[in-house]
Participant: 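Got a structure for you, questions after.
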Amino acid sequence: QVQLVESGGRMVQAGDSLSLSCAASGLTVRRSAMAWFRQVPGKEREFVAHIRATGGHTYYSDSVKGRFTISKDNTENTLILQMISLNPEDTAVYYCAANEYVIVSAVPAARSYKYWGQGTQVTVSK
């Protein structure tokens, strides 16, 4: 079965950089549509970034565009999220998500993704 395991979350200070990883088993990252979402208590899960199943095209939410970079490490079968210039509003549990394919119009919708990890906490202090 498919398993996604996030890691790398920790407490950092505003302005710091951080990299999250999502190790996949039971699916091939290179051939999968994959994304990062985040969630804070009391709010809906928020789209962060997506990378297409093929071609490598990426999409970002306006709040992270220019600061976050999503990529695939095909050798390690891992999804990466590199984050710079972190601010307290980036504090959340970050989730990795995947599906065989996601149409462009549905990229930001959590319901478009079949597989989810358990999440990793990122806390950004002032």
Participant: With disulfide (SG to SG under 2.5 Å) as the rule and sequence neighbours excluded, what pairs involving residues 24-89 come up?
Facilitator: none
Participant: Less than 3.5 Å apart, which donor and acceptor atoms pair up between the side chains of residues 14-29 and the rest of the protein, not counting sequence neighbours?
Facilitator:
from : atom 1 : to  : atom 2 : distance (Å)
D16  : OD2    : Q13 : N      : 3.0
T28  : OG1    : R31 : NH2    : 3.4

Participant: To check you understand the geometry: which heavy-atom pair defines the closest contact between A49 and L81, and what is its length?
Facilitator: CB-CD1, 4.4 Å
Participant: Going from OH on Y94 to CZ on R45, what distance comes out if it is rounded to the nearest 0.5 angstrom?
Facilitator: 13.0 Å
Participant: For W116, what are the other residues in its hydrophobic cluster, where any two members join if their side-chain heavy atoms are less than 4.5 angstrom apart?
Facilitator: F37, F47, Y59, V93, Y95, V102, V104, V107, Y113
Participant: Take Y101 and I103 through the side-chain contact (heavy atoms from CB on, under 4.5 Å) test and state the conclusion after the steps.
Facilitator: CA-CA 7 Å; Y101 181 76; I103 61 174; 3.6 Å; yes
Participant: Apply the test side-chain contact (heavy atoms from CB on, under 4.5 Å) to residues T54 and R30: give CA-CA distance (whole Å), side-chain angles for both, the deciding distance (0.1 Å), then the verdict.
Facilitator: CA-CA 7 Å; T54 57; R30 175 172 53 84; over 6 Å; no
Participant: Out of curiosity, Q118 CD to S7 OG, how far, rounded to the nearest 0.5 Å?
Facilitator: 8.5 Å
Participant: If a pair satisfies side-chain hydrogen bond (donor to acceptor under 3.5 Å, both in side chains) and one of its residues is in residues 65-79, list it, with sequence neighbours excluded.
Facilitator: D62-K65, R67-D90
Participant: Below 4.5 Å, heavy atoms only, C-beta onward: do V12 and T123 meet side chain to side chain?
Facilitator: no
Participant: With clusters built from Ile, Leu, Val, Met, Phe, Trp and Tyr whose side-chain heavy atoms come within less than 4.5 Å, directly or transitively, what are the remaining members of the cluster of V5, listed by chain and number?
Facilitator: none
Participant: Which pair of heavy atoms, one from T91 and one from V40, lies closest together, and at what distance?
Facilitator: O-CG1, 3.0 Å
Participant: Sort and list the pairs that fulfil salt bridge (Lys or Arg N to Asp or Glu O under 4.0 Å) and have at least one residue in residues 112-126, not counting sequence neighbours.
Facilitator: E100-K114
Participant: Using the test side-chain contact (heavy atoms from CB on, under 4.5 Å), find all partners of S63 that sit at least two apart in sequence or belong to another chain.
Facilitator: R38, E46, S61
Participant: For A92 versus Q121, what's the shortest heavy-atom pair and its separation?
Facilitator: O-NE2, 3.4 Å
Participant: Got a sec, which residues hit salt bridge (charged side-chain N to carboxylate O under 4.0 Å, His left out) with E89, two or more places apart in sequence or on another chain?
Facilitator: none
Participant: Kindly state each residue pair satisfying disulfide (SG to SG under 2.5 Å) with at least one member in residues 26-58, sequence neighbours excluded.
Facilitator: none
Participant: Following the transitive rule for hydrophobic clusters with a side-chain heavy-atom cut-off under 4.5 Å over Ile, Leu, Val, Met, Phe, Trp and Tyr, establish whether Y115 and I80 coincide in one cluster.
Facilitator: no
Participant: Apply side-chain contact (heavy atoms from CB on, under 4.5 Å) to residues L4 and E6 and explain how you reach the verdict.
Facilitator: CA-CA 7 Å; L4 303 174; E6 301 95 335; 5.5 Å; no
